[in-house]
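Values below: every heavy atom of this structure, side chains too, minus hydrogens, waters and symmetry copies. Chain letters run A, B, ... following the sequence lines, proteins first, then strands; residues in each count from 1.
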Number of protein chains: 6
Amino acid sequence: MTASIRMDELSWPEYQQKIAQNVPVFLAVGATEQHGPHLPLGVDVILPTGIATRVAQEVGGIVAPTIPYGYKSQPRSGGGQAFPGTTSVDAHTLSLVLRDVIRNLAYHGVKRLVIVNGHFENTWPMTEGVDLAMRELHRDGIDDLVVLRLEYWDFVETATLDRLFPEGFPGTALEHASLLETSMMLVFRPDLVDMDLVPSDGPAVFPTYDRHPVDPDMVPKSGVLARAQGSTAEKGNWLIDDHVALITKAVRKEFSL
Amino acid sequence: MTASIRMDELSWPEYQQKIAQNVPVFLAVGATEQHGPHLPLGVDVILPTGIATRVAQEVGGIVAPTIPYGYKSQPRSGGGQAFPGTTSVDAHTLSLVLRDVIRNLAYHGVKRLVIVNGHFENTWPMTEGVDLAMRELHRDGIDDLVVLRLEYWDFVETATLDRLFPEGFPGTALEHASLLETSMMLVFRPDLVDMDLVPSDGPAVFPTYDRHPVDPDMVPKSGVLARAQGSTAEKGNWLIDDHVALITKAVRKEFSL
Amino acid sequence: MTASIRMDELSWPEYQQKIAQNVPVFLAVGATEQHGPHLPLGVDVILPTGIATRVAQEVGGIVAPTIPYGYKSQPRSGGGQAFPGTTSVDAHTLSLVLRDVIRNLAYHGVKRLVIVNGHFENTWPMTEGVDLAMRELHRDGIDDLVVLRLEYWDFVETATLDRLFPEGFPGTALEHASLLETSMMLVFRPDLVDMDLVPSDGPAVFPTYDRHPVDPDMVPKSGVLARAQGSTAEKGNWLIDDHVALITKAVRKEFSL
Amino acid sequence: MTASIRMDELSWPEYQQKIAQNVPVFLAVGATEQHGPHLPLGVDVILPTGIATRVAQEVGGIVAPTIPYGYKSQPRSGGGQAFPGTTSVDAHTLSLVLRDVIRNLAYHGVKRLVIVNGHFENTWPMTEGVDLAMRELHRDGIDDLVVLRLEYWDFVETATLDRLFPEGFPGTALEHASLLETSMMLVFRPDLVDMDLVPSDGPAVFPTYDRHPVDPDMVPKSGVLARAQGSTAEKGNWLIDDHVALITKAVRKEFSL
Amino acid sequence: MTASIRMDELSWPEYQQKIAQNVPVFLAVGATEQHGPHLPLGVDVILPTGIATRVAQEVGGIVAPTIPYGYKSQPRSGGGQAFPGTTSVDAHTLSLVLRDVIRNLAYHGVKRLVIVNGHFENTWPMTEGVDLAMRELHRDGIDDLVVLRLEYWDFVETATLDRLFPEGFPGTALEHASLLETSMMLVFRPDLVDMDLVPSDGPAVFPTYDRHPVDPDMVPKSGVLARAQGSTAEKGNWLIDDHVALITKAVRKEFSL
Amino acid sequence: MTASIRMDELSWPEYQQKIAQNVPVFLAVGATEQHGPHLPLGVDVILPTGIATRVAQEVGGIVAPTIPYGYKSQPRSGGGQAFPGTTSVDAHTLSLVLRDVIRNLAYHGVKRLVIVNGHFENTWPMTEGVDLAMRELHRDGIDDLVVLRLEYWDFVETATLDRLFPEGFPGTALEHASLLETSMMLVFRPDLVDMDLVPSDGPAVFPTYDRHPVDPDMVPKSGVLARAQGSTAEKGNWLIDDHVALITKAVRKEFSL
């Protein structure tokens, strides 16, 4: 049998069989968010789904449908909610979605779950959602689910960052719609990248605090927080290779695969 | 300009331009739910997304990312939550997702929104989500959003049903994973349909009430509530043509397009 | 002892004794909603309470106080919230009321609960409320409560509908404030029916979608969605006899009474 | 026109006409709660509904359906939740019910609302519900609703209490199921009072604190917190006359009637 | 070892050791609320914290950080929310805070918890919070936590009130910012009391009902509901001595200390 | 007039006068959380309150009561919830507290609010709380509140970090209960620091993902994530001076003070 790696392409008996074999389930959590004029709104869905799929291939897992609406974009890490197309949910809403989906997966026997974040701001509502689910599952008498929750961009070798940023890595937060994401998009969906539209109004210089209401002059008009110039598929592959290899390693270790 | 019909494939300036032209936005709401041994878990995502896309093509609209996790399956209309792979959220959770997504779309200027339901049980949490959004938008001073909320299967000619069911239409609820859905899947994703696995343990005979806890003997073991025998792509096209034509007609009428 | 069939007329020791005997408890869930110019706002309380009481008499059960405020009326099934007097609660609110009341009944030993819906739109918030209660009770270590949840109008013989609608039954949704409800009100509370005020502006012709904001021209000005002409107590008794007999049969079967 | 004083007995045009005349609407909030072996579970519905009805008659108002499930009984004021039949909802649930009902009444033009509490423990969830409603209505642009929220037992002349308790009034909290409530029940529903079953295990002697879990020995086994001996319909009428007269006076004053 | 009596001054190993010895934990719940021109906004934090600390000293307990924001002030007991500086949270919010803090204390082994209320209006959201926590803890398999929840002002000898109010005690509710609180503040924080600013516009004469919106003329302009004239530290000590002695007695009795 | 800088030490007329002058209000949000064997549970309250107070002195502001219970400690940044004494609230709870307190401050005229976070994990529930408050205030017609929300540790000169960490700064997350916090505690509350108990089991080596349930071997037994050796009050003053100077600068800039 060569059933799909995608949960939504499996019939329920196929899924049941997979779960009975204790294969890891991967759940990507994305966002619909502006990523500058050269990238589409779906970047934060495409990247974690792509990486989760490759890791699932490595370890024989399956990939659940990606959650496409994430937590509200913040000015200092994603440009903020004012950009047209940035379509988000409240923190409590996202936590409840995570809680419910995890609980349902566990009810059907999933014991190994890897949740792959594709949108920086999701980190904390996701964390809360996992905690709420674990608490409820404990009350339901289910204590054998193990969840790994991760930001894929944290799985990278220092050497790779050094290669990518010979003048020093500016840090994850500012990388929104910039070199890293653009390069990986050139691997996964080059048809959706228009390098001619890469803007030059960055990098952003942010204060070390949030201001409400947001000062619209603080965010580059393009929505690109750092620089996307020099993005290439080759660089994207360096990153993806790291992400896949290191997440695979962690998954194998934690699940003894 | 030949920008994509998919919102997630648009950059934010492309999206902004579309919204400035007042194009309708289509939002499909699906589910990850068992559909028998011959169909994949993603049927309720694939069908409304496919239909919404075709209507969007007709009227020049764009299609937002489909919400992939829906309300809990009920035994009498979807077989219930016990089938492996049926992965759902609570009613309040789904309503909040709808509320938040609608509100965000409206904040960026969307004035014409068509919400296409692909999963029977979503109907009421979606209805509540729309109401919550409209109430909040009114408080935000936004009163010019018009939402059409619909179940795609309600858009069908009587003549078509007569052709499909010469011995009489058994009704929408029982059609779960049966002739209608199977035939349309043979159009949209024939690679995911295995007609050799169509079961024969239906149609279900349900009582006229819900019982909690669910009586597992009540639901056909296959998860198919009626009959899928005789499904063909040709029949699927009859249905899809009706759905697309009649929804398009409604959208044109309400939005004067 | 001839204690009342109404829970609110029992003292707590009387109630305790009934519950110790495992009698079924009936909980009707109604609404305060417009029912045209010829019927009162309380129709959806009066009818399910009346039917629940008769079934309780048949099977030796007791009737809990009816919940008088239900979910929001929808234009296509109840005329919508714009009619003066239609006084409703949000979906989450109604689900929480159900959850709490069911949980409390179970804490005191109720093992057989029949929940009788009197208002179409309540169906799904009630369904969610029951599910929330069952989930919490399981966590409380209570797994022996059985709940039957039903719409009373689904318990009718085809022959009866044929007698009532010689030209064909128009369907449940449209029957709001029409022949069925009016006829039964002529049995339960004829003093509250004014046949001289039966309107003639129906039946409604609805589109197959919801529109928000509601188009006020879509709903008959009277609030009567179909036709109430020809309603009689005799017809009401046909219906009530069916409802009582068939619900009684279901209750006896499920509870082995 | 001699339309009913009860909202649920009015048709929507009758209700609309009443509201257009700015008549006060009375909403009683009750409970389903043990009241000793001599009184029924419905006391906290019967008494405030009865009193609200009499006041409505005085001032030309109408009476909305009474909310029959109230906040959780506390040991020191109602005996606590352990008594069979005491069927309650959480504080947040009751507040949401109040919020929603008040909001809906206001949407249809109600400008004068009197909320009559019949169950001590409801006081604070009701207070919160009113506040939530007023806050939301303000956001909806509705600022002309005036709500009077009251406990009916606070409307009594000192002279009456002196007549009833020649040896000194023990205080409202302890009066649960005791002389006051029993006497008034002998007026409103004497058929539901069995004076032969009045217990003698009170009055309770409570500590000045709550203990969780509840010490079951703290509450009289009968559920009667003080003494019901000596209750008569005559005494009940003294109380009811005071309640009606003083509430009427307050309503007239606040609404300039 | 002479570790602090304050939880926030203990290291976690010190705290762990205390809890292993089953010492009672005291949690005061206060408010930030106007208390007239002569008292600071923090009265409802200072008083219950002071009293809880003294009781903890008597019984060898420890004092958790006081919750400084309480439920909304009501006109008839605290002057209402309109006074500048009265900074409050919704009922549901306060209940959730209590629920979460209690649950966390119990997770770490606390078995004896005394919750000391310093703000009248907190009583019911606190009560609900305790109930929610106990319910969740039961589901977590933790049933050995005992909570005493109390209003400190209820622990006073009649003789003391007679000494303080030779002409009769006007009742707790009206005592807001008046003789009792002022006198105790003269003990705990005399530097924050300015007797020269004690106002003379009270005592308030309140109706026996709430009115929404609040009638601003109903509340004394100063925010002092009764009278603070004659307050002295000596009187404060009478009260504090009673509060400490009687609460200590209750704690010893319930916890067999 | 020399009124206190602390809001809880002001009377309401004093507070009113301050707010009328548009002084900034500072609200610190802390936590009750383990900080190793050498520091007390209150570190995350003491430090942000101390820093907020100093900034308030610089700019003539006032300091509201600090919220003492924060969001759940995470293993990789605070050691996790398993340490005795770490007493936290859910994300939604903390967001609601922030929402309510901010809303109340704004209702009384506060236009300049600085929220100072003292606990890393609070960052996102606080962010959500601010957003919820701003959204509600907008609906209340209040649009002139400006909120600055900040983590105090982000306000530091690179030169200072270089002086403190000659071998390179290990990063903020790992600094829990380590050199920075210990040094500042030696300034603010040296009586609560026991340098003899500084542990040597760090620094922690964390994976780049969360694992649920937590692997207890991952976190140093002491709860100190990095190293606290070498902490001195002098170093603490370097940090505090930076924090105060840079926050003051930001406040002056944003509020034109």
- Query: Looking at D:R6, D:Q34, D:E9, D:Q16, which makes the most heavy-atom pairs under 4.5 Å with chain C?
  - Reply: D:E9
Side chain, backbone, both or neither: which part of [X] has a non-hydrogen atom closer than 4.5 Å to chain C?
X      : value
D:S95  : neither
D:R189 : side chain
D:A64  : both
D:S88  : both
D:F83  : both

Looking at every non-hydrogen atom in both residues, tell me the closest pair between [X] and [Y] and how far apart they are.
X      : Y      : value
C:A177 : C:A228 : O-CB, 3.8 Å
C:I5   : C:G61  : CG1-O, 3.3 Å
C:W12  : D:P37  : NE1-N, 4.3 Å
D:P48  : D:G118 : CG-CA, 3.5 Å
C:Y71  : C:L94  : N-CD2, 3.7 Å
D:A52  : D:V63  : O-CG2, 4.1 Å

Out of [options], which one racks up the most heavy-atom pairs below 4.5 Å with chain D?
options                      : result
C:D191, C:L39, C:L197        : C:L39
C:P65, C:G42, C:G223, C:G109 : C:P65
C:T32, C:D90, C:V43, C:L192  : C:D90
C:P84, C:G85, C:S222         : C:P84

[X] versus chain D, heavy atoms under 4.5 Å apart: side chain, backbone, both or neither?
X      : value
C:R103 : side chain
C:P13  : side chain
C:Q81  : both

- Message: Quick check: under 4.5 Å, non-hydrogen atoms only, which of residues 110-117 of chain D neighbour chain C?
- Response: none
- Task: Hey, could you give me each pair passing ring-ring contact (aromatic ring centres under 6.0 Å, His included) that has a residue in residues 16-49 of chain C? Not counting sequence neighbours.
- Result: C:H35-C:H176
Pair [X], [Y]: side-chain N/O donor-acceptor within cut-off below 3.5 Å:
X     : Y      : answer
D:E14 : D:S4   : no
D:T49 : D:T66  : yes
C:S73 : C:T86  : no
D:Y69 : C:N104 : no

- D:K72/D:E121 ion pair, N-O < 4.0 Å: no
